[in-house]
Structure formats: C-alpha cells, structure tokens
Colleague: 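Below: one structure in structure tokens.
No experiment lies behind these values; they were computed from the predicted model shown. Within every chain, numbering begins at 1; the chains are lettered A, B, ... in the order of the sequence lines, protein sequences first and strands thereafter. Hydrogens, waters and symmetry mates play no part in the numbers below; they use all other heavy atoms, side chains included.
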Amino acid sequence: EQVGSDFDALIAADQRIEPRDAMPDEYRQTLIRQIAQHAHSEIIGMQPEGNWITRAPSLRRKAILIAKVQDEAGHGLYLYSAAETLGVDRAELLDRLHEGKQKYSSIFNYPTLTWADCGAIGWLVDGAAIMNQVPLCRCSYGPYARAMIRVCKEESFHQRQGFEILWNLMRGTEAQQAMAQDAADRWWWPALMMFGPPDSGEAAKGGHTAQSMAWGIKRFSNDDLRQKFVDMMVPQAEKLGIVLPDPQLRWNAERGHYDFGPIDWDEFWRVLRGDGACNAERITQRRRAHEEGAWVREAANAHAAKQAAKQKESAA
Amino acid sequence: EQVGSDFDALIAADQRIEPRDAMPDEYRQTLIRQIAQHAHSEIIGMQPEGNWITRAPSLRRKAILIAKVQDEAGHGLYLYSAAETLGVDRAELLDRLHEGKQKYSSIFNYPTLTWADCGAIGWLVDGAAIMNQVPLCRCSYGPYARAMIRVCKEESFHQRQGFEILWNLMRGTEAQQAMAQDAADRWWWPALMMFGPPDSGEAAKGGHTAQSMAWGIKRFSNDDLRQKFVDMMVPQAEKLGIVLPDPQLRWNAERGHYDFGPIDWDEFWRVLRGDGACNAERITQRRRAHEEGAWVREAANAHAAKQAAKQKESAA
Amino acid sequence: MAAHPSSAAYVLGLADDAMVYAQRLGEWMTNAPQLEEDMALGNIALDLLGQARALYPHVGSLDGTGRSEDDFAMLRDERDWRNVHLVEQERGDFGQEMARLLWFSTYQRELYAALLGSSDPVLSGVAGKALKEVRYHGDHAALWVVRLGDGTEESHRRMQAGLDGVLPYLPELFFDDDASVAAAAAGIGVRPSSLHETVTSQVAAVCEEATLDLLAPSWRARGGRAGIHSKPMGYLLAEMQHIARSHPGATW
Amino acid sequence: MAAHPSSAAYVLGLADDAMVYAQRLGEWMTNAPQLEEDMALGNIALDLLGQARALYPHVGSLDGTGRSEDDFAMLRDERDWRNVHLVEQERGDFGQEMARLLWFSTYQRELYAALLGSSDPVLSGVAGKALKEVRYHGDHAALWVVRLGDGTEESHRRMQAGLDGVLPYLPELFFDDDASVAAAAAGIGVRPSSLHETVTSQVAAVCEEATLDLLAPSWRARGGRAGIHSKPMGYLLAEMQHIARSHPGATW
C-alpha cells in the first residue's frame, strides 16, 4: 500500500519521519513506548539528585545541582512533547508510569548515599546516557531526534560537572577521596547495565533490537555501546585517580578495546522486576507529588475554562 | 448550713479536704481551673524541650532529656487524676485546652533556640516552678497536695540537671559559654513573670489571690515568691559565671533581699493574650497529636468493649 | 574596605532572607504539581540563591571578617541568622507557597527598586540585576494566586487558607529594626516600613482579582532580624549544613 | 583487649539498630495518641538508648580504636552505620509504629535470649539486662496490635497497612551477613537466620489474635549491615548530629 511504501522510502533514504507522515502502527507504538520510557527516566531521574539539593555542601554546588535537576525536568518536557506528536498525551503517559505500566531506567532505583554520588551520577550515569542518546539524534522520527539534540548538549555539560565533582573530591581530604571511590564502586556496574542485556548469550533477551535498527530508531547494539562507554571511561577514571571496581579490566591491544569482567545480570533483572533498593520509593514519591498536585491542576483548568467563557461572553 | 461549716472547720484547722468531703462549688471550680492549668502546663511544657530530644549533643544528655520529658508527661497524668477527683475528666479538660478555653503557663510560649535553652529551662523555669509549687504540697485539697509532693521531688532533680547543663557549657568553648549566657538573657525575665502579676500597683490585676489564700490553696503572694526566687537564683548565677540581664540587680542589706529592675508587664499580657512567639505552634502541635491519635483511642475503647462483651457472654 | 558593621547587619538580613527562601523553594523540586512548576520554582530558588551569593561576600567585606559565602551559609549557628520567619516556615501545600511567594516577591520588588538608589554600589548593582528576576517571581505567584483563588471550590478554600497562614509573618517583613534604620539614614538601605503600603496594595489588587480576602493576623512573629527564630529554622540548618559541618576544612 | 574487628562489626550492628530506633521513638514524645504512650514510647527509647550506650564503648574496645559512645553516635558518616533499614524508616502513624515495634522487639527478645550464652562477657551482660526490657517492649506492642487489629474498622485497616508496610524490611533483620556468621562461629553472636522461625511464629500468633494477615513482601530492603542505607537515614543523621558537629571538640 501507498502509506507503507512512502514510509519505507523515507526510512531507506535515511530521511526523517514527521508527525504528519503516515507510519506503521508498530513503529508508532515502539516510539511511544521508547520516548515515554525516556521521558519517565528524566523525571524519575530528578529524585536521586533532587534528594541532595537541600544538603549540597557548598552554595556553588547547590546552584549547579538545582540547575541540573531543572534541566532534567526540561528534558522530560521535551520528550513528553515529542511523544504527544504521536497522538498520546502527557497526562496519560504519567498515569501509565504511576500505575507501573511503563518503565523508567532501572539505574534510578539505586540510592544516592553520599554527596559523591552526585558526582558519580553525572560522570557515569550521564556518561552512559549520552552514549545511548547521541545516536538517537539521528533517529528516524523527527521530533524525537530534535529533542535528543537539545538533551545531549545539556547532558554532556552535566557529565563534565559530575567529573568535576569527583575531581575535587579526589583532590580533597582523605574522607572525600574515600567518598568518591566508594561512589564509583557502587555506580560502575549499574552504569554498564544501562546499555541493556547483552546482544547474545544466556542473558540476552529477544528484544526489539532488530526491528528498531531496521526502522532507524536504534543505530548500535547494546554491547557495542557498552564497549564504547568502557573505552571512554577508563582513561577518565585514570585521570581522576579512581580505581574502577573490576579486576578484569585491562587493555586488549588485539581488539583495540578494553576487556572487562562479567556483569551480574541477575541483579539487573531483579531490579528491573521491582526488587531494587529504591523502586518503591521513587514511584511513591512521584505518585504523591502527582496526587498532592491534583487540586492545583484542576484549578488551573477550571480557571482557564472560566476565562474562556468570559471572553466568549464579552465577544458576543 | 452543715456542709459549709464542716468545710470551714477543716480549712480553719488546716486539715486536708478530700474528694468525699462536701465543698463549696467555688472552691471546687477554683481547684479544677488551677489543677487543669497546671496539668496543661506540664504537657505543653514537654514541647520546648521535646524539640531537642532528636538533637541533644551527646547520648548522655539525650537520655537525661528523654527521661525529663517523660517525667513531665507523668506530672500531667498525676495532675489530671487529681482534677478527676473533682468530677471532671481528662478528655474534657484536654478539649478545653485545645479550644483555648483553659490556659497553660505562658512561659512555654517562648522558643527554645539553642541547646543551652534546655539548661536555662531546667535551671530557671523549673526553679521558678518549684518555688510556686512547694507551698502547694500543703494545699488544702488532699489529692492536689499529694500530687505536688511527687512533682516537686522530680522538679528539683530537673532543676539540678538544668544547672549542670549550664555549668558544663560555662566551662566549655567560647561558643558554648556564649550560648549559655544568651539563654539566661532570654529566659530570666520570662521566669520572673511566672509568678504572675504584681500584688499591687498599676500592673496588678484583681485575681483570686485573697480567696485562694483563705481557702489554703495559695500560701504566698506573687511578689513574695518572686523575691524568694530572685534571692535563690542570684548566688547560683554567680556560681555558674552567668551575668543576669538586669543592671538594677543588687543586694539590699536593709531589706535582706536582692533588689531587681522593673518587669515588662506589657510583654506578659501580650504573650498571655496569645501574641507570643510560640502560642500558635504549641496549641497546633497539641491538637494535631490529639487528632492524629483519635482513631487509636477509639480502637482501644472498641476493643475493651468487645472484650467486656465476650467475658459477659462466657460468664452467662 | 573599612568595616561598616551596621550596614553589614542590614545586608546580612537581605542575604539570609534570599538564602533561606532558596533553600525552602529547592524542596519543591520533584514535589511540584506539574513539571513546569518543578522548573519554575527551581528557577526562582536559583535566582534567590544567586542574590544571596552576591551579597554574602559583601557582608564579609563590610563587617571586616572577610567571610566567604559558604562561611555564612554552612558554618553559622541559628542565633546568627538574620532572616525573617516567613521564609523559614516549613513547605506547606502549593497554595501556601504561592501566598508566601506573592508577598515575598512583591516585597523584594519594592525593596530592590528602592535599593537601585543605594549609595552602596554593590547593593545597587545586586538590586539592578535582581529586580528583573523578582518581577518575574511576583508575576508567577500572582498568576497562580488568581488561578487558585478563582478556580475550583477546593482551590479557593485552600488558597484562602494559604493567604491566612502567612499573615502573622508579614509585620516582621516591614518592621524597622535598628540595622535598617541606620542603613536608611546612611543612604545605603531603606526602612522596611516605607515599603509596607505599596506592597500591601499590590497584593490586595491580586487578591481582589482572585476573589480572596486579606484579613488581619491574630498574632505576629518577631525576632528574626535579631536571630530569634521559629522552630523550623534549626531543622532547616541541620539539613543544609550537615555535610559541610561533617568535613571541616574541606572544599567541594 | 586485643582488636577483634569482626566481632566489632557484629556488635556495632546491634548497637546501631538500638541507637537509630531510639532516635525514631524519641520523635513520638509530644506526638503520641495519649499521655501514657508519650511515656511508654519514651521509656522504650530510653531502654534502647541504654543498650546502645552499653555497646558502643565495647565496639571501640573490640576494634582497637577506643572510640566513645558519642564518637560513634555523633561523628560517624552515613556509610559507616550498620543498622537495618527497618529502624531508620520515618515515623509513620501509630499502627505502623506498633508493627515495627512488634517485629523489632520480638527479634530483640530472641536475639538477647540467645546472646545470654555469648562467650563475650560484655555482650552476655548487656543481653541479660536488656532481655527484661525488650520483653516489656514486645508485650506493649502486642497489646496495641491486638487492640488496633481487633478494634474499629478504621483501626483494623490501618493496623493491617502498618503490618504490610514493614514487610519489605524484615528479610534484612534475619540475613546472615559476614560479620554475624563470623561472630556466631566464634561463639560471640548468633546467626540472624536462626531467629527467623521463632520470631515469625510469635508475631504470627499476635496477628492471629488481632485478626490480621501476615503477607509476603513484594520487594526487600538490603544493605544496612554494609552501610547502604535508605533515604531517611541521611536526614536522621543530619538532625541527630548537627549540634555536636557544629561544636568540634566540645563536651556537653
């Protein structure tokens, strides 16, 4: 049929699909699911660091942290808007999040125990996010690709800030150095898990990878991205003076990559299933904020309706 | 009539009136009002210090403080029980407190700003309370007098603990000494106000003093008690190394007492009227605890009723 | 610069107001009724934090101690803070926050407008930059007060309660303490009482549009400018300062 | 005494559990449903605080650092605390507290009963004294769980919710971490898992009388014994340590 072949032609030509274009329903649904999950991750991702706004150890750090959490809210907004171009609205997506019907990145189910965790999140988690997201700037769906361009620019800024937090700690007191190393110890493996299950082997789960690749939504495999991330982070860790918690981590001249040890996929699936340190806490806080704000959103709607009615009256 | 003359005879002989004895209604009402106010003061008085339980600077101090606040709850219990012998129950008295129909000591409407305030409350506020309360151990109403004997014993213990807190601070760092002096500066005048308005002069308010004296409820005038308090505290302040915030404070050899400066009775009446730093806060917290606990008290009653019904059934 | 202790006390009051309110507003992030408000309240918190950071080093220079922004924020005991009680009160519901924000930002707008003429160039500079910010804060608050006041029955009730709740804290905002009287006499500052009428009439206009009543308080808070604070302040400082206090001498 | 780091870690876990729960229970004073409960919960807090104070210096001796009770309580960072998550959770309603108290004091009763036979004389001494205390705590909690479970419709619902709420925190209480395994092997301590069955059956008996259900949790907390805590812990420490941290080197 015509619709399918226009779409296929655009994809084949590596052109952007726009909201007005016809697209297969599966493509639409895949994108809605992925963009929503991405948006949810941004707003749930505000919590682990938001938790430290009132306790940041200096005013400069407090200001940077507030701005960062604000950026994450902004990313959430861009992404919900991108999802809305596919015919689903933000309120509905939030409901799905609150009811546990849609997921967010499992990394945010780990706790932020010390100030250094704000550094580790910036450095490792935002670092991994960028690695995942840069290819999305060339995603076949236009609004998503454009949102990602804005997001990536800010994320790389956040990654540098995270690096700087750790840099200062590693040049601080003994307690500060220990705090930075401890944070890296706890966040390294979960950051590697952010690229998703391996492409092959026992832990691989038949996902949507092949189809997403064909549609130009996904550009690299999980394992390729993970390897790129490791290769990028090892030299940065050396610069920081942080020892990454993997005794098998070493340069493999033959492959031209760093080798690294096995990932605990049992932990990954357990946390994804809901049995992580903070799953319950994150969703509870989200729901509470949403419920406590219901009367405010209703009032805004009611007021807007009253204003519209008045305008209509005075126009009549 | 017979009732009146029995009562008068007991009072004249300085004997105790007991719950079974007939007594004039005014005597009963005066006592209910006074004992209730006293009980309310104990439980509202838990708040200024209770506020520091989670923040006490050492575990030893934390333990002493918890025990003290617990004692205050206990004093409240004795006193409500004493009031109940006059035919009014605790729940009703608490309602009157919560509705603002009965008062508590105005001293508890001042804030506890630093740890040293826990010392100043023990030393000055409990010191003034003891001065007021010791004569009540000989009060004509038996249950009240007996409750006061227990209360006074514990209060003098608290007073020594307060003194000890300040003693340690005055022998501590410069910041600790400043903290102790500042607390004394803020609590001295309010403590003097605890004895009530002056017996004569412009600020005197025609109270129930004469009648209460005749009935053997009150034994000393406000000004007499205040003078005794000042005479007792000045040497203690010297021992602590604390300067009391009254430039007119000096020994008067002729009177055999310390002279002291004028009290700001406008402030006293203002705070009593409800316009003090903590009036709203204290009563709000009391009400909230009471309301939040309503379901618990109801459940306890319902359970007791069920148990009673079962026992009756099995007895039948 | 030579030490000017009385101007220092005045400027410290302004800085502490901004700092403490920034701390409270920061608590809204991840707790706001919608994402746009997480961003807006974060933005306002950032502006206020920026004002405090611009003012603190100036206080350290005026009082001759040379203290840094973090010396003031992270290492000062409760009795040395000079903010009004309004800003230290615990975060309430969104209506209460909008009531507080409306009053505080309208006050700050008039304050900074007056301080443009300060003989202290740092203060007039900060005022110039801050004025644009607080205009936006006031507009944002007014928008919500009107929406909530003239929204649903529930929102009207809550917004009225929010307005009633801040009443006891307003007299302190307009109280002429010694430091502000001295600062006004020296041409550095303004008497808070001189802002009272304009601020009140501006808030009253918003309330009228919002179909809300502006009542008189039954008691009033006192003492913030003298370091006498209300119960929430100690807990706020404990949370804010804990990490910094736990690592004496560290830089971050 | 020579340093015994692995026993030290075990005893520190016991001490931190008692300390943190004492801190939480202390919050009830002036907030309880009736005066008798202000007193009872204060009493339990005092007992637990006493246990912690008896154990901390012993830890300081076992680990060779000679640290005092206040070194442990007031100057330790979050990552160094070894308590379970159960005790650090925020104060909920009275039903939630009674659920937590029932589990925790039943656990402590079995724990201290077993520790009577510890080869560490300090530990067996503390256990002997504490056993009487925690029996009372457990009885008090059981009394309330039954009253609330078999009281009104509302109290039944709330008490059930309270019991459900603590479920995720129980596996950690009975988890055999390295320190407890080593302590048990050395005859100093007991494996927490060995207490699980008895404690559960005792709690189950109370629940049955209270007409309440004991369900299975959908997730479980982990990591307290390794210093990985939940969100409320940092705020608890900020409040508890702020004054002590603000006056380095001071005695009180």
Colleague: Tell me whether C/Tyr136 at atom OH has more than 12 heavy atoms from other residues, nucleotides or ligands lying less than 6.0 Å away.
Modeller: yes

Colleague: Distance from C/Asp38 atom CG to A/Ile43 atom CD1, nearest 0.5 Å?
Modeller: 8.5 Å

Colleague: Checking heavy atoms, do the side chain of C/Phe72, its backbone, both or neither come under 4.5 Å from chain A?
Modeller: neither

Colleague: Select one option (side chain, backbone, both, neither) describing which atoms of C/Ala32 are under 4.5 Å from chain A's heavy atoms.
Modeller: backbone

Colleague: Would you give the length of the straight line joining atom CZ of A/Arg55 to atom OG of C/Ser246, rounded to the nearest 0.5 angstrom?
Modeller: 10.5 Å

Colleague: If you count the non-hydrogen atoms of other residues, nucleotides and ligands that lie under 6.0 Å from NZ in A/Lys306, is the total more than 12?
Modeller: yes

Colleague: Just to verify, what does A/Ala175 make a side chain to side chain contact (heavy atoms under 4.5 Å, CB included) with, not counting sequence neighbours?
Modeller: A/Thr173, C/His247

Colleague: Who in residues 66-78 of chain A is close to chain C, using a strict under-4.5 Å heavy-atom cut-off?
Modeller: A/Ile66, A/Ala67, A/Val69, A/Gln70, A/Ala73, A/Gly74, A/Gly76, A/Leu77

Colleague: Checking C/Gln23 side chain against A/Thr54 main chain: does a donor-acceptor pair fall under 3.5 Å?
Modeller: yes

Colleague: Can you give me the closest heavy-atom contact between C/Trp144 and A/Val296, atom names plus distance?
Modeller: CZ3-CG1, 3.3 Å

Colleague: Counting N and O atoms only, with roles assigned by atom type, does the side chain of A/Arg297 sit under 3.5 Å from a partner on the main chain of C/Pro33, one being a donor and the other an acceptor?
Modeller: yes

Colleague: Counting only heavy atoms closer than 4.5 Å, note whether C/Leu49 contacts chain A via side chain, backbone, both or neither.
Modeller: side chain

Colleague: By a 4.5 Å heavy-atom criterion (distance strictly below it), what part of A/Arg90 contacts chain C: side chain, backbone, both, or neither?
Modeller: side chain

Colleague: List the atom of C/Trp252, the atom of A/Arg61, and the distance in Å for their closest heavy-atom pair.
Modeller: O-NE, 2.7 Å

Colleague: For the atom pair CZ (A/Arg282) and OG1 (C/Thr30), what is the distance rounded to the nearest 0.5 Å?
Modeller: 9.5 Å

Colleague: Using a cut-off of 6.0 Å, state whether more than 12 heavy atoms not belonging to A/Gln307 lie near its atom CD.
Modeller: yes

Colleague: When you look at CD of C/Glu153, are more than 12 heavy atoms from neighbouring residues, nucleotides or ligands closer to it than 6.0 Å?
Modeller: no

Colleague: So which residue, C/Leu143, C/Leu46, C/Leu41, ends up with the most heavy-atom pairs under 4.5 Å with chain A?
Modeller: C/Leu46

Colleague: Is it the backbone or the side chain of A/Ala304 that comes under 4.5 Å from a heavy atom of chain C, or both, or neither?
Modeller: neither

Colleague: Who wins among C/Arg245, C/Gln241, C/Arg158, C/His156 for the most heavy-atom pairs under 4.5 Å with chain A?
Modeller: C/Arg158

Colleague: Is A/Leu169 in contact with chain C via its backbone, its side chain, both, or neither, using a 4.5 Å heavy-atom distance?
Modeller: side chain

Colleague: Counting only non-hydrogen atoms closer than 4.5 Å, does C/Ala250 touch chain A with its backbone (N, CA, C, O), its side chain (CB onward), both, or neither?
Modeller: both

Colleague: Working to the nearest 0.5 Å, report the span between CG of C/Leu35 and CE of A/Met46.
Modeller: 6.5 Å

Colleague: Where along residues 101-126 of chain A does a heavy atom come under 4.5 Å of chain C, listed by residue number?
Modeller: A/Trp115

Colleague: Only pairs of heavy atoms separated by less than 4.5 Å count here; which of C/Met98, C/Glu37, C/Glu27, C/Glu154 has the most with chain A?
Modeller: C/Glu154

Colleague: Considering non-hydrogen atoms only, spot the tightest contact between A/Ser58 and C/Asp70 and give its length.
Modeller: CB-OD2, 3.2 Å

Colleague: With only heavy atoms counted, which part of C/Met74 is less than 4.5 Å from chain A, the side chain, the backbone, both or neither?
Modeller: side chain

Colleague: Please determine, among C/Arg24, C/Gln34, C/His242, C/Glu69, the option with the most heavy-atom pairs under 4.5 Å with chain A.
Modeller: C/Glu69

Colleague: Pull out the residues in residues 283-292 of chain A that come under 4.5 Å of chain C, heavy atom to heavy atom, sorted by number.
Modeller: A/Gln285, A/Arg288, A/Ala289

Colleague: Is the closest side-chain donor-acceptor distance between A/Glu298 and C/Thr152 under 3.5 Å?
Modeller: no

Colleague: With a cut-off of 6.0 Å (strictly less than), are more than 12 heavy atoms of other residues, nucleotides or ligands near CD of A/Glu92?
Modeller: yes

Colleague: Check the surroundings of atom CZ in A/Arg96: do more than 12 heavy atoms from other residues, nucleotides or ligands lie under 6.0 Å from it?
Modeller: yes

Colleague: For C/Met19, which atoms come within 4.5 Å of any heavy atom of chain A: side chain, backbone, both, or neither?
Modeller: side chain

Colleague: Tell me whether the count of non-hydrogen atoms from other residues, nucleotides or ligands lying under 6.0 Å of CD in C/Glu36 goes above 12.
Modeller: yes

Colleague: Minimum heavy-atom separation for C/Asp150 to A/His303, with atom names?
Modeller: O-ND1, 3.0 Å

